[in-house]
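These figures come from a predicted structure and were not determined experimentally. Whatever order the structure lists them in is the order used to number ligands and atoms, beginning at 1.
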Amino acid sequence: MLQSLLGRVESDPRKGQLRRALSNKKCLRVLEAHSPLSALVAEHAAIQDDSRGERVIYDALWSSSLTDSTLLGKPDIEMINIRNRVSNFNDIFEVTTTPLIVDGDTGGKVEHFVINVRSLERIGVSAVIIEDKIGLKKNSLLGTDVYQQQDSIENFCHKIRSGKAAQVGDDFMIIARIESLILDAGMEDALERADAYVDAGADGIMIHSRSTTPGEVLQFAEQFRAKFPDVTLVCVPTSYAATHFSELEDAGFNIVIYANHMLRSAYVAMQRVASEILRCGRTLEIEPYCTKIDEILDLIPGTR
Ligand code: SPV
Ligand code: MG
């Protein structure tokens, strides 16, 4: 029984691809995908960067709690939990080969988290990121405008340790997300938590910020790197959007997540089209904002 479970977990090549990419590249680019179609768009996006002499692609996909919830018309309060999202992950896996990093919210109850770790690992997810909050989770970018509570270091370390003990193979990663800067608990608190979470077995640290400038995450990266030269460091530059990838890469980040941009961009297009059809009384005017019918019919193999 255990043998067959181990066989299934270890036979999925996608899962280990994230660790391989991390050992081959200084820093990975990760794009949010909320559906198989958005995942396909992300997987096919590529540019030639002559200044770096490389073909630039997204190395992994991010399944965001914010966009998965928003897509279903629900608030980002951990109501659409990991188990509700698994079928979406599977649908994405059916049509792509890019590794997936899952936003695991707070990880929930430890007893639930350990089961979810195994489920994610079994279906081929490469990593889960859990944030150190408890109680009713609200989106981090709301900061202190809403009531949000940070977990104790002790509790969160227990969750990390339990998750690591639950996974079957070596490839799956559990990344601990620190919310100290989001909740104005300060840099010292963030660094103390990073120490403790790495010590508890976290495979990486995500430092989140809602500042519109990168100063605090760059400061965190400098101090973290001095102590942990090799531990995976992750950031999500949604609010400090003017900061270039190369600046974060040079600061020592290993994963940069563009966390919600596929859904936000699709939403703008849908709003425009919905109101313009009403305004114009026909669809001719919005054609330039739509994929051509021939293109959509050719997009997915097997449609014709
Ligand atoms: C998400 O994408 O759901 C995240 C990142 O958790 S943030 O929205 O910035 O909290
Ligand atoms: Mg989230």
* Does S51 offer a backbone N or O that forms a donor-acceptor pair with the side chain of D49 under 3.5 Å? -> yes

* Asked: Do any N or O atoms from the side chain of R161 and from the backbone of A200 form a donor-acceptor pair under 3.5 angstrom?
  -> no

* Does L263 reach the side chain of H34, with side-chain heavy atoms less than 4.5 Å apart? -> yes

* Just by distance, with hydrogens left out, do T67 and E32 show a side-chain donor and acceptor under 3.5 Å apart? -> yes

* Asked: Is the Mg ion (ligand 2) less than 2.8 Å from an N/O/S atom of D103, whether that atom is in the backbone or a side chain?
  -> yes

* Classify the side-chain pair R85/S63 by whether it contains a donor and acceptor separated by less than 3.5 Å. => yes

* Asked: Is K138 salt-bridged to D145, cutoff N-O under 4.0 Å?
  -> no

* Name the orientation class of the two ring planes belonging to F220 and F224 (parallel below 30°, tilted from 30 to 60°, perpendicular beyond 60°). => parallel

* Asked: Counting backbone and side-chain atoms alike, does S64 have an N/O/S atom under 2.8 Å from the Mg ion (ligand 2)?
  -> no

For ligand 1, list every N/O pair with the protein closer than 3.5 Å, one pair per line with the distance.
| unit_1 | atom_1 | unit_2 | atom_2 | d |
| --- | --- | --- | --- | --- |
| ligand 1 | 2 (O) | W62 | NE1 | 3.2 |
| ligand 1 | 2 (O) | S64 | OG | 2.8 |
| ligand 1 | 3 (O) | S64 | OG | 3.1 |
| ligand 1 | 3 (O) | S65 | N | 3.2 |
| ligand 1 | 3 (O) | S65 | OG | 3.1 |
| ligand 1 | 3 (O) | L66 | N | 2.8 |
| ligand 1 | 3 (O) | D103 | OD2 | 2.8 |
| ligand 1 | 6 (O) | D103 | OD2 | 3.0 |
| ligand 1 | 6 (O) | R177 | NH1 | 2.7 |
| ligand 1 | 6 (O) | R177 | NH2 | 3.3 |
| ligand 1 | 8 (O) | N139 | ND2 | 2.9 |
| ligand 1 | 9 (O) | H208 | NE2 | 2.7 |
| ligand 1 | 10 (O) | R177 | NH2 | 2.9 |

